[in-house]
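Reviewing the structure listed below.
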Amino acid sequence: MARIKVCELQEQLVQLPDARLVDVATEMRGQRATLLLCALGFEPRCLALPEALAATDLVCERAIYFEYQSNPLENDANRTALISHLTSISPSVESMDADSPDFTQRLRSLFENLGRRDVVPKVIVDISVFGNRLAFKLYAVLLDARIDVTLLYAEAAVYRPTHDEYLLAPEKWGAGEEFGLERGVSSISISPEHPGQFLDLLPDYVMVFPAFSPDHSRAALEWVDPSLVATPDRKVVWFVGDPHHPADKWRLEAVKAHHGVTEQAQHVEVSTFFYKDTLRVLHGVCENNGEHYNLTLVPLGSKFQALGAALCCFIHPEVRVLFAVPREYNAATYSEGTKAVWT
């Protein structure tokens, strides 16, 4: 007799690991792994975890760092030091273009070859300077792979703008050019890994995790339907980030102001740090609206929000993921230093 078992998300959430602080020097000392993945970026914390891991005598068979096509000069300033740290960890260090058309195919081939081993491969991923486009590509592959994966994240010591910097010129930080964290929008692209399932002539429903400035959110909404920018009409829901540290709580209201998110607008405050909050809330919105709308996700939020959202898209293949790609990042106004490390 055929049986159907209903599997509720809440039952699974308790089985997922929480993000927790990690003492790299103690917990990673002397470990062995098959593969280490990280990214070459312009932020100083690009080097924080590779340097810390090298000091623990961690040994990996291979180390791969992902390169971005944006901001090549700023990124290149960290290349020599990154390669030096990775060479201390692994005898095989190589780069991979994260923006090349065949990136996902190359990743899948990499993990398919790893999966042919008798022992489950151990993979360590430093997501500290991952952009969300890279994160969604990687998570789509990791979720299909037969691996034991550890995610590590070096938290920035200072996020720009600071509150004092913002108060000096709040309107300029929301403008997205000289003072903004990103400059312009070069393109709007659908994630090849998450094209959605737009099978019926249903209206659009857009789920936005906004960045600090509004340019990319507006560009994405306009691409879906120009009318949504001026008159969202309950067809847009904003997942506004609730910062992890009390000193950063002011950013929540600043993001609302930049995006015109009033109390009348559909919005939910979601932790920027606890990825299971993102998964739970986003899943609920998908469940409530999936039969009545074509669902589009615009993930411009934090790295842990990207993790939760990617897990939700694994559950909900009907969701289309849309990226607004910056022309370039304003390297001078990004994060500074490293604070805690999480796993």
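Of the N and O atoms on the side chains of R79 and Y65, at least one donor lies less than 3.5 Å from an acceptor on the other residue. Under the 3.5 Å distance criterion, with hydrogens and angles disregarded, a donor-acceptor pair is assigned to the side chains of S227 and D225. The closest side-chain donor-acceptor pair between S92 and E61, if any, does not fall under 3.5 angstrom. A donor atom on one side chain and an acceptor atom on the other are found under 3.5 Å apart for S95 and E67.
For residues 300-324, no pair satisfies salt bridge (charged side-chain N to carboxylate O under 4.0 Å, His left out), with sequence neighbours left out.
To the nearest 0.5 Å, the span separating CG on L58 from CD1 on I124 amounts to 4.5 Å. How far CD of Q69 is from CG of D99: 4.5 Å, rounded to the nearest 0.5 Å. Note: L134 CG to I127 CD1 = 10.0 Å, rounded to the nearest 0.5 Å. For the atom pair CG of L152 and CG of L36, the computed distance is 8.5 Å after rounding to the nearest 0.5 Å. Of the inter-residue distances, the one linking S88 atom OG with D57 atom CG reads 9.5 Å to the nearest 0.5 angstrom. Taken to the nearest 0.5 Å, the CD atom of E51 stands 10.5 Å off from the CD1 atom of I89.
Of the candidates V285, L295, N294, V319 forms a side chain to side chain contact (heavy atoms under 4.5 Å, CB included) with just one, namely L295.
Taking W223 as the reference, nothing meets the ring-ring contact (aromatic ring centres under 6.0 Å, His included) condition, with sequence neighbours excluded. Residues forming a side chain to side chain donor-acceptor pair (under 3.5 Å) with D18 (at least two apart in sequence, or on another chain): K276. Residues meeting the side-chain contact (heavy atoms from CB on, under 4.5 Å) test with A52, sequence neighbours left out: V24. In this view, E222 satisfies the salt bridge (charged side-chain N to carboxylate O under 4.0 Å, His left out) rule with no residue, not counting sequence neighbours. Contacts of H163 classified as ring-ring contact (aromatic ring centres under 6.0 Å, His included), with partners at least two apart in sequence or in another chain: W250. In this view, D97 satisfies the salt bridge (charged side-chain N to carboxylate O under 4.0 Å, His left out) rule with no residue, not counting sequence neighbours. With sequence neighbours left out, the side-chain contact (heavy atoms from CB on, under 4.5 Å) criterion links Q15 to Q12. H85 meets the ring-ring contact (aromatic ring centres under 6.0 Å, His included) test with no other residue; sequence neighbours excluded. Scanning for ring-ring contact (aromatic ring centres under 6.0 Å, His included) contacts around H244 gives F273, F274, W342, with sequence neighbours left out.
For Q105, the CD atom is loosely surrounded, since the number of other residues' heavy atoms within 6.0 Å does not exceed 12. No more than 12 heavy atoms of other residues, nucleotides or ligands shown are found within 6.0 angstrom of CD on E291.
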Next item on the list: Could you please spell out the steps behind the side-chain hydrogen bond (donor to acceptor under 3.5 Å, both in side chains) verdict for E155 and H245?
Entry: CA-CA 11 Å; E155 185 181 9; H245 294 289; 2.5 Å; yes
Checklist line | side-chain hydrogen bond (donor to acceptor under 3.5 Å, both in side chains) between T162 and D164, intermediate numbers included | finding: CA-CA 5 Å; T162 65; D164 289 341; 5.5 Å; no
Margin query: Run E193 and R108 through salt bridge (charged side-chain N to carboxylate O under 4.0 Å, His left out) and show every step you take.
Written below: CA-CA 12 Å; E193 297 74 32; R108 290 196 185 280; over 6 Å; no
Next item on the list: Could you walk me through whether K256 and E269 pass the salt bridge (charged side-chain N to carboxylate O under 4.0 Å, His left out) test, one step at a time?
Entry: CA-CA 10 Å; K256 286 183 182 180; E269 296 177 5; 2.9 Å; yes
Item checked: Derivation of the salt bridge (charged side-chain N to carboxylate O under 4.0 Å, His left out) call for R280 and D277 -> CA-CA 5 Å; R280 175 179 50 79; D277 287 355; 3.6 Å; yes
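Annotation for S213 and H258: closest pair CA-ND1, 4.4 Å, computed over non-hydrogen atoms. When all heavy atoms of T272 and Q305 are compared, the closest pair comes out as CA-NE2, 3.8 Å. Taking both residues in full, the closest heavy atoms of A25 and T56 are given as CA-CG2, 3.9 Å, listed atom of the first, atom of the second, then distance. When all heavy atoms are compared, the tightest approach of G41 to N78 is O-ND2, 2.8 Å. The two atoms that bring C286 and C312 nearest to each other are SG-SG, 4.2 Å, heavy atoms only. Residues P195 and P192 approach most closely at CD-O, 3.6 Å, considering heavy atoms.
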For residues 1-9, dump all side-chain donor-acceptor pairs below 3.5 Å to protein atoms at least two apart in sequence or in another chain.
none

Report, one line per pair, each donor and acceptor closer than 3.5 Å where one atom sits in a side chain of residues 234-241; sequence neighbours left out.
residue	atom	partner	partner atom	Å
R234	NH1	Q264	O	3.2

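Judged purely by atom type and a 3.5 angstrom limit, T296 has no side-chain atom pairing as donor or acceptor with the backbone of V206. Judged by distance alone, with hydrogens and angles left aside, the side-chain atoms of N75 form a donor-acceptor pair with the main-chain N or O of F42 at under 3.5 Å. A distance-only check finds a donor-acceptor pair linking the side chain of R45 to the backbone of A154 [under 3.5 Å]. No donor-acceptor pair closer than 3.5 Å links the side chain of T278 to the backbone N or O of G308. Side chain of S84 to backbone of T80: no donor-acceptor contact under 3.5 angstrom is found. H283 places no side-chain N or O within 3.5 Å of a backbone atom of L279 that could act as its donor or acceptor partner. Listed for the H267 side chain is a donor-acceptor partner under 3.5 Å among the backbone atoms of A265. The backbone N or O of L151 lies less than 3.5 Å from no partner atom in the side chain of D126, so there is not a single donor-acceptor pair. Judged purely by atom type and a 3.5 angstrom limit, R251 uses its side chain to pair as donor or acceptor with the backbone of P161. A donor-acceptor contact shorter than 3.5 Å is absent between the side chain of D204 and the backbone of Y293.
Side-chain atoms of L49 and T338, non-hydrogen and from C-beta on, never get closer than 4.5 Å to each other. A heavy-atom distance below 4.5 Å is found between the side chains of S217 and L300.
Residues L143 and L16 share a hydrophobic cluster, clusters being chains of Ile/Leu/Val/Met/Phe/Trp/Tyr side chains in contact below 4.5 Å. Hydrophobic clustering, with ILVMFWY side chains joined whenever heavy atoms are under 4.5 angstrom apart, keeps L53 apart from F66.
In this structure, the ring of F314 has its center no less than 6.0 angstrom from the ring center of Y139. Side-chain rings of Y153 and F130 stay apart, their centers remaining 6.0 Å or farther from each other.
Note on R62 versus E94: salt bridge recorded, some NZ/NE/NH1/NH2 to OD/OE distance being below 4.0 Å.
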